[in-house]
Colleague: 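This structure is in structure tokens; I'll ask about it shortly.
Side chains included, hydrogens not; waters and symmetry mates left out as well; all remaining heavy atoms used.
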Amino acid sequence: MLNVSIVLYRSDMAQVNALCQTLLQAASVRSIYLIDNSPVAATGFPSDSRVVYRWNGGNNLGYGRANNIAIRESIYDKVPFHLVINSDIEVSASDLDYLHGFMQHNPKVGSLMPRVVGADGHLQYLCKLLPTPWDVFARRFLPRRWTERRNAHYELRASGYDKMMNVPYLSGCFMLLRTEAVLQARLFDERYFMYPEDIDLTRTLHRDWLTLYVPDVTIVHRHAQASYHSCRMLWVHIVNMCRYFNKWGWFFDSERTLMNQLANLQIEYRTN
């Protein structure tokens with residue numbers, strides 16, 4: 001049994017409705033929480049008792065804080081698993097049930113993410129090492145040809161993305177969480193408005209739990225990369241990454257070094 005949370009902000013409600021209809025077909029889904037950060041309340045979501053809509057009164061709480069509203073409901077109701085999913089994701093009901101069963105049979109897994117492709121079918125490299133300030137700066141501001149080798153290393157491309165991996169940073173577009181683990185991690189850190197909350201939560205979980213990439217299932221992610229098209233969202237990204245490095249360390253972060261070394265050793269062992 002699992003609950004789902006989808007954070008909305010001026011979202012395409014036809015897309016949200018289609019995702020909800022698919023999720024409701026999964027035997028494992030108990031409730032879907034639509035947490036709306038939009039300035040105006042949305043309409044057009046499924047009229048199903050399992051869909052719970054909550055408008056935040058026009059207040060944009062940010063991604064992590066909004067998801068925490070639903071995660072707390074899962075903890076309170078003792079629902080063992082909680083799925084954080086973007087509204088631009090496409091996943092089949094049978095694949096979600098498979099991942100739910102995987103979590104049930106692997107009690108050491110705190111979080112998982114499946115294989116992710118774009119609308120064009122191309123693989124999205126969403127398993128990453130924990131970033132350094134240089135990684136963040138180079139990926140956003142330097143020409144791709146200058147950073148291609150380091151970026152490939154950062155995105156663990158040498159793994160081939162064809163085998164299961166225990167990864168310190170998994171994308172927040174699809175996070176199937178064990179509520180026991182996320183409670184231990186104290187949920188999403190609400191100091192982040194947007195962007196590094198998935199890094200922060202995954203690395204916190206990674207201390208005591210497996211945070212797995214599971215390629216047995218493939219989902220589609222129609223990713224917009226808002227910070228690449230909006231100066232305001234770029235500023236939000238910069239501010240929140242500064243908060244992340246202030247918390248964990250800019251240039252001296254021994255845990256980052258250790259977690260990244262272990263992830264690299266895992267890849268090297270499999271490829272040699």
Colleague: Rounded to the nearest 0.5 Å, how far apart are CG of Leu156 and CG of Asn260?
Modeller: 8.5 Å
Colleague: If you count heavy atoms of other groups shown closer than 6.0 angstrom to CZ of Arg186, is the number above 12?
Modeller: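 No, because the 6.0 Å sphere around CZ of Arg186 holds 12 heavy atoms or fewer from other groups.
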Colleague: Side-chain contact, heavy-atom cut-off 4.5 Å: Ile89 with Ile6?
Modeller: no
Colleague: For Ala14, is there any backbone N or O sitting under 3.5 Å from a side-chain donor or acceptor partner on Asp12?
Modeller: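 Yes: the side chain of Asp12 pairs with the backbone of Ala14.
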Colleague: Grab the two heavy atoms, one from Thr211 and one from Asn166, that are nearest each other, plus how far apart they are.
Modeller: N-OD1, 2.9 Å
Colleague: Any side-chain heavy atom of Val16 sitting closer than 4.5 Å to one from Leu34?
Modeller: yes
Colleague: Applying a strict under-4.5 Å side-chain criterion to I, L, V, M, F, W and Y, I'd like to know whether Phe188 and Val236 cluster together.
Modeller: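 In one cluster with Phe188: Val236, yes.
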Colleague: Look up atom CD in Gln266 and atom OG in Ser159, then write down how far apart they are to the nearest 0.5 Å.
Modeller: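 Output value for this atom pair is 8.5 Å.
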Colleague: Would a single hydrophobic cluster contain both Val220 and Tyr213, if residues Ile, Leu, Val, Met, Phe, Trp and Tyr are joined by side-chain heavy-atom contacts under 4.5 Å?
Modeller: no
Colleague: Quick check on Lys108: does its NZ atom have over 12 non-hydrogen neighbours (other residues, nucleotides or ligands) under 6.0 Å away?
Modeller: no
Colleague: Between Arg203 and Asp253, is the closest basic N to carboxylate O distance under 4.0 Å?
Modeller: yes
Colleague: Hey, are the side chains of Asn60 and Tyr9 touching, using non-hydrogen atoms and a 4.5 Å cut-off?
Modeller: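 Yes. Closest side-chain heavy atoms under 4.5 Å.
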Colleague: After noting the C-alpha distance and the side-chain angles of Ile69 and Leu61, does the key distance pass the side-chain contact (heavy atoms from CB on, under 4.5 Å) rule?
Modeller: CA-CA 10 Å; Ile69 292 172; Leu61 304 181; 3.8 Å; yes
Colleague: Going by an N to O cut-off under 4.0 Å, is there a salt bridge joining Arg65 and Glu197?
Modeller: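 Result for this pair is no, no salt bridge flagged.
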Colleague: Between His122 (side chain) and Gly118 (backbone), is there a donor-acceptor pair under 3.5 Å?
Modeller: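 Checking the backbone N and O of Gly118 against the side chain of His122, no donor-acceptor pair under 3.5 Å is found.
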Colleague: For the side chain to side chain donor-acceptor pair (under 3.5 Å) test, which of Asn37, Asn86, Asn240 pairs with Tyr63?
Modeller: Asn86
Colleague: The test is side-chain hydrogen bond (donor to acceptor under 3.5 Å, both in side chains); show your working for Gln184 and Asp208 and say whether it passes.
Modeller: CA-CA 9 Å; Gln184 180 182 328; Asp208 302 303; 3.0 Å; yes
Colleague: Step by step, work out the side-chain contact (heavy atoms from CB on, under 4.5 Å) result for Leu212 and Asn106.
Modeller: CA-CA 11 Å; Leu212 291 185; Asn106 292 275; 5.9 Å; no
Colleague: Determine whether a donor-acceptor pair (N or O, by modelled atom type, separation under 3.5 Å) exists between the side chain of Trp55 and the backbone of Ala42.
Modeller: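 No, because the side chain of Trp55 does not come within donor-acceptor range (under 3.5 Å) of the backbone of Ala42.
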Colleague: Between the side chains of Asp36 and Tyr53, does any donor sit under 3.5 Å from an acceptor?
Modeller: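 Asp36 vs Tyr53: donor-acceptor pair found between side chains.
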Colleague: Starting from Met164, can I reach Leu112 by hopping between I/L/V/M/F/W/Y residues whose side chains sit under 4.5 Å apart?
Modeller: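 In one cluster: yes.
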Colleague: For the backbone of Met13 and the side chain of Asn17, can you confirm whether one donor and one acceptor N or O come within less than 3.5 Å of each other?
Modeller: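 No; zero donor-acceptor contacts below 3.5 Å.
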Colleague: A side-chain contact here means heavy atoms from C-beta on lying under 4.5 Å apart; do Leu176 and Met103 qualify?
Modeller: yes
Colleague: To the nearest 0.5 Å, what is the distance between CG on Asp95 and OG1 on Thr218?
Modeller: 7.5 Å
Colleague: Between Arg50 and Leu24 (side chain of the first, backbone of the second, donor and acceptor by atom type, cut-off under 3.5 Å), is there such a pair?
Modeller: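 Confirmed, Arg50 side chain pairs with Leu24 backbone.
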Colleague: Could you check whether any side-chain heavy atom of Ile85 comes within less than 4.5 Å of a side-chain heavy atom of Val91, counting everything from C-beta outward?
Modeller: yes
Colleague: Check step by step if side-chain contact (heavy atoms from CB on, under 4.5 Å) holds for Met175 and Leu201.
Modeller: CA-CA 10 Å; Met175 303 179 80; Leu201 181 58; 4.0 Å; yes
Colleague: Are the charged groups of Arg30 and Asp77 less than 4.0 angstrom apart, N to O?
Modeller: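 Yes, Arg30 and Asp77 are salt-bridged.
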Colleague: Decide whether Trp248 and Phe251 are clustered together by the hydrophobic rule: side chain heavy atoms of Ile, Leu, Val, Met, Phe, Trp, Tyr closer than 4.5 Å, transitively.
Modeller: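 Looking at the clustering, Phe251 is in the same group as Trp248.
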Colleague: So which atom in Pro215 and which in Arg115 form the shortest heavy-atom distance, rounded to 0.1 Å?
Modeller: CA-CB, 4.0 Å
Colleague: Rounded to the nearest 0.5 Å, what separation is found between the CD1 atom of Ile199 and the NZ atom of Lys247?
Modeller: 11.5 Å
Colleague: Is there side-chain contact between His221 and Leu126, with at least one heavy-atom pair below 4.5 Å?
Modeller: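 Yes, their side chains come closer than 4.5 Å.
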Colleague: Applying side chain to side chain donor-acceptor pair (under 3.5 Å) between Asp200 and each of Tyr169, Tyr195, Tyr244, Tyr192, report the one that passes.
Modeller: Tyr192
Colleague: One thing to verify: whether Glu180 and Arg178 come together as a salt bridge, which I'm taking to mean a side-chain N less than 4.0 angstrom from a carboxylate O.
Modeller: no
Colleague: Determine whether a donor-acceptor pair (N or O, by modelled atom type, separation under 3.5 Å) exists between the side chain of Asp97 and the backbone of Ala27.
Modeller: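 At least one qualifying donor-acceptor pair exists.
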Colleague: Would you confirm whether Tyr33, through its side chain, and Ser74, through its main-chain N or O, come within 3.5 Å as a donor-acceptor pair?
Modeller: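 No; judged by distance alone, with no hydrogens or angles, the pair does not exist.
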Colleague: Linking I/L/V/M/F/W/Y whenever their side-chain heavy atoms sit closer than 4.5 Å, directly or via other members, would Trp250 and Met259 fall into one cluster?
Modeller: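 Yes, because Trp250 and Met259 connect within a single hydrophobic cluster, where side-chain heavy atoms sit under 4.5 Å apart.
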Colleague: Heavy atoms only: give me the nearest Ser171-Met113 pair and the separation to one decimal.
Modeller: N-SD, 3.7 Å
Colleague: Verify, without hydrogens or angle tests, whether Ser111 (side chain) and Leu177 (backbone) share a donor-acceptor contact under 3.5 angstrom.
Modeller: no
Colleague: What's in the same ILVMFWY side-chain cluster as Met1, cut-off under 4.5 Å, chained through other members?
Modeller: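 Cluster partners of Met1: Val79.
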Colleague: Are His153 and Leu129 packed together at the side-chain level, in the sense that at least one heavy-atom pair is separated by less than 4.5 angstrom?
Modeller: yes
Colleague: Looking only at heavy atoms, which two atoms of Leu130 and Pro168 are closest? And how far apart?
Modeller: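 Scanning both residues, the minimum pair turns out to be CD2-O, 3.6 Å.
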Colleague: On a heavy-atom basis, which atom in Phe174 and which in Pro114 lie closest, and how many Å separate them?
Modeller: CD2-CD, 3.3 Å
Colleague: If we ignore hydrogens and angles and just use 3.5 Å, is the side chain of Arg222 paired with the main-chain N or O of Glu90 as donor and acceptor?
Modeller: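 No; judged by distance alone, with no hydrogens or angles, the pair does not exist.
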Colleague: Got a donor-acceptor contact below 3.5 angstrom from the Thr179 side chain to the Pro80 backbone?
Modeller: yes
Colleague: I'd like to know whether Thr22 forms a side-chain contact (heavy atoms from CB on, under 4.5 Å) with Leu96, so could you lay out the CA-CA distance, the side-chain angles of the two residues, the decisive distance to 0.1 Å, and finally the verdict.
Modeller: CA-CA 10 Å; Thr22 300; Leu96 181 55; over 6 Å; no
Colleague: Nearest 0.5 angstrom please: Leu23 CG to Ser31 OG, how far?
Modeller: 12.0 Å
Colleague: Got a second to check how far Arg157's CZ is from Ile267's CD1, nearest 0.5 Å?
Modeller: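 Spacing of CZ (Arg157) from CD1 (Ile267) equals 13.5 Å.
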Colleague: Compare every heavy atom of Met194 with every heavy atom of Met233, then report the nearest pair and how far apart it is.
Modeller: CE-SD, 3.4 Å
Colleague: Heavy atoms, side chains only, cut-off 4.5 Å: are Phe45 and Ile32 in contact?
Modeller: no
Colleague: Tell me yes or no: between the side chains of Thr132 and Asp135, is some donor less than 3.5 Å from an acceptor?
Modeller: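 Their side chains do contain a donor-acceptor pair, which is all the 3.5 Å distance test asks for.
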Colleague: Assess, by modelled atom type and distance only, whether the side chains of Glu190 and Asn68 contain a donor and an acceptor separated by less than 3.5 Å.
Modeller: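 Per modelled atom types, Glu190 and Asn68 side chains form a pair under 3.5 Å.
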